[in-house]
Participant: 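Got a structure for you, written out below as structure tokens; questions coming shortly.
Heads up: numbering here begins at 1 and tracks the sequence.
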Amino acid sequence: MDVYIILTDTGTVFTRMIRLFTKKRLNHASLSFDKELEMTCSFGRKRMNNPFIGGFVKENMRDRFFGEAYCAIYRCSVTEESYQKMLSYVREIETQQTSYTYNFLGLFGVLFAKEIKRPYAFFCSEFVATVLQRGGISVGGKLPCFVKPDDLAACKQAVFLYEGRVEGYFSQHLSSVGSGSLKDVLEQVG
């Protein structure tokens, strides 16, 4: 089974501010449980016009906001047991999403290399690293609270698939996907 790490540059003011500190182009991380990126989730803004209201989000990678974004996509192969552990953890967060918030303070923790523990709060790459850790994947031996998006790309299990516009991924890399593959995933978790 596979999970997919999606790193994006959406061009928002918030991502441009983060780029000032990271010096990296791709500053948002998401995780998907299928090749079609239908089941993609992260921690980010809840409202497009307000970057300060954030938490757990299910992302539509086919909408204009992400479709025009620049991205890099990586695949991590995992056992079925690991896949189910990760998916179960995400479903647990999803059912309690009103209790979760975006971890703005954690961003400063990364900047100053100081662990800031906040229950029910993640920033995007911290969330992805935490979910991967539930499946037995360590990201460079770092605690999830110190993982930056580019650390996810450097993860040993991450296999590079694609770089370019998100819409290009759909047109170039999904032609070999048979119909029903997402249906198969949903049946396994349903």
Side-chain angles (χ1 to χ4, degrees), residues 3-33 37 39-61 63 65-66 69 71-72 74 76 78 82-155 158 189:
V3 293
Y4 298 84
I5 299 168
I6 304 109
L7 306 179
T8 53
D9 172 10
T10 57
T12 64
V13 172
F14 189 62
T15 58
R16 288 193 304 257
M17 285 183 354
I18 292 173
R19 186 183 309 148
L20 291 173
F21 297 100
T22 66
K23 308 292 189 237
K24 303 289 181 184
R25 180 174 189 183
L26 303 173
N27 286 298
H28 180 65
S30 308
L31 187 70
S32 185
F33 288 89
L37 311 182
M39 297 173 62
T40 300
C41 53
S42 186
F43 267 66
R45 63 177 67 198
K46 292 263 191 195
R47 297 189 182 119
M48 283 301 144
N49 59 352
N50 188 341
F52 299 105
I53 297 175
F56 177 81
V57 290
K58 290 170 83 174
E59 297 173 329
N60 180 354
M61 300 307 282
D63 79 8
F65 181 73
F66 281 106
C71 76
Y74 300 83
C76 293
V78 296
S82 292
Y83 183 93
Q84 293 301 329
K85 283 180 182 178
M86 289 186 277
L87 186 59
S88 176
Y89 182 60
V90 169
R91 296 258 191 236
E92 181 184 316
I93 290 172
E94 183 179 14
T95 61
Q96 300 173 21
Q97 65 182 291
T98 56
S99 300
Y100 284 85
T101 186
Y102 190 85
N103 191 5
F104 285 106
L105 290 176
L107 295 175
F108 291 103
V110 172
L111 185 61
F112 297 111
K114 175 139 177 71
E115 184 176 6
I116 299 174
K117 286 191 176 197
R118 294 188 61 218
Y120 303 104
F122 293 102
F123 52 87
C124 63
S125 54
E126 177 185 27
F127 166 74
V128 173
T130 300
V131 175
L132 291 173
Q133 189 177 61
R134 289 284 175 122
I137 297 174
S138 174
V139 180
K142 291 183 174 185
L143 292 173
C145 65
F146 294 125
V147 171
K148 299 181 295 265
D150 60 307
D151 294 326
L152 294 164
C155 174
V189 299

Participant: If every non-hydrogen atom of Ala29 is compared with every non-hydrogen atom of Leu7, which pair is closest and at what distance?
Facilitator: CB-CD2, 3.8 Å

Participant: Could you tell me whether a side-chain N or O of Ser125 sits under 3.5 Å from a main-chain N or O of Val147, the two making a donor and an acceptor?
Facilitator: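 Such a contact is found between Ser125 side chain and Val147 backbone.
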
Participant: Provide the closest heavy-atom pair for Ala158 versus Ala153 in the form atom of the first, atom of the second, distance.
Facilitator: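 Ala158 and Ala153 have their closest heavy atoms at CB-O, 4.0 Å.
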
Participant: Which heavy atom of Tyr100 sits nearest to which heavy atom of Gln96, and what is that distance?
Facilitator: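 Nearest pair, atom of Tyr100 first, then Gln96: CD1-O, 3.3 Å.
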
Participant: Would you say that Pro149 contacts Lys24 through its side chain, given a criterion of any heavy-atom pair below 4.5 Å between the two side chains?
Facilitator: no

Participant: What's the spacing between Arg45 CZ and Glu59 CD if we round to 0.5 Å?
Facilitator: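 If we round to the nearest 0.5 Å, Arg45:CZ and Glu59:CD are 11.0 Å apart.
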
Participant: Would Phe146 and Asp151 count as a side chain to side chain contact (heavy atoms under 4.5 Å, CB included) here? Give the steps.
Facilitator: CA-CA 9 Å; Phe146 294 125; Asp151 294 326; over 6 Å; no

Participant: Test Phe43 against every option in Thr101, Ile93, Val57 by the side-chain contact (heavy atoms from CB on, under 4.5 Å) rule and name the one that passes.
Facilitator: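 The option that passes is Ile93.
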
Participant: Would you say Ile5 and Leu132 make side-chain contact, with heavy atoms under 4.5 Å?
Facilitator: yes

Participant: Kindly compute the distance separating OH (Tyr83) from SG (Cys76), expressed to the nearest 0.5 Å.
Facilitator: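 Separation between the atoms: 12.5 Å.
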
Participant: Please check: side-chain N/O of Gln97 versus main-chain N/O of Glu94, any donor-acceptor pairing under 3.5 Å?
Facilitator: yes

Participant: Can you measure from CG (Leu26) to CD1 (Ile6) and round to the nearest 0.5 angstrom?
Facilitator: 12.0 Å

Participant: Using side-chain heavy atoms (C-beta onward) and a distance below 4.5 Å, is Tyr102 in contact with Phe122?
Facilitator: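 When only atoms from C-beta onward are counted, Phe122 and Tyr102 do not touch, as no gap falls below 4.5 Å.
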
Participant: Quick one: are Tyr4 and Thr40 in side-chain contact, heavy atoms under 4.5 Å?
Facilitator: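 A side-chain contact under 4.5 Å is absent here.
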
Participant: For side chain to side chain contact (heavy atoms under 4.5 Å, CB included), just list the numbers for Thr8 and Met61, CA-CA rounded to whole Å, side-chain angles, deciding distance to a tenth of an Å, and then say yes or no.
Facilitator: CA-CA 10 Å; Thr8 53; Met61 300 307 282; 4.2 Å; yes

Participant: What distance separates Glu115 CD from Cys145 SG, expressed to the nearest 0.5 Å?
Facilitator: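 One gets 4.0 Å once the value is rounded to the nearest 0.5 Å.
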
Participant: Just verifying a value: how many Å separate Gln84 CD and Phe33 CZ, rounded to the nearest 0.5 Å?
Facilitator: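 Result: 9.5 Å between the selected atoms.
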
Participant: Would the number of heavy atoms belonging to other residues, nucleotides or ligands and lying under 6.0 Å from NZ of Lys142 be above 12?
Facilitator: yes

Participant: Between Val90 and Arg134, is there a side-chain heavy-atom distance shorter than 4.5 Å?
Facilitator: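 Contact flag for Arg134/Val90 side chains = no.
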
Participant: Could you give the distance from CG (Leu31) to CZ (Phe127), rounded to the nearest 0.5 Å?
Facilitator: 6.5 Å

Participant: With sequence neighbours excluded, tell me which residues meet salt bridge (Lys or Arg N to Asp or Glu O under 4.0 Å) with Glu92.
Facilitator: none

Participant: Looking only at atom types and distance, does a side-chain atom of Lys46 sit under 3.5 Å from a main-chain N or O of Phe56, one as donor and one as acceptor?
Facilitator: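 Yes; judged by distance alone, with no hydrogens or angles, the pair exists.
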
Participant: Where the side chain of Asp63 meets the backbone of Phe66, is there a donor-acceptor pair that is under 3.5 Å apart?
Facilitator: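 Yes; judged by distance alone, with no hydrogens or angles, the pair exists.
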
Participant: Is Thr130 close to Tyr89 at the side-chain level, that is, under 4.5 Å between some pair of heavy atoms?
Facilitator: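 Tyr89 vs Thr130: side chains touch.
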
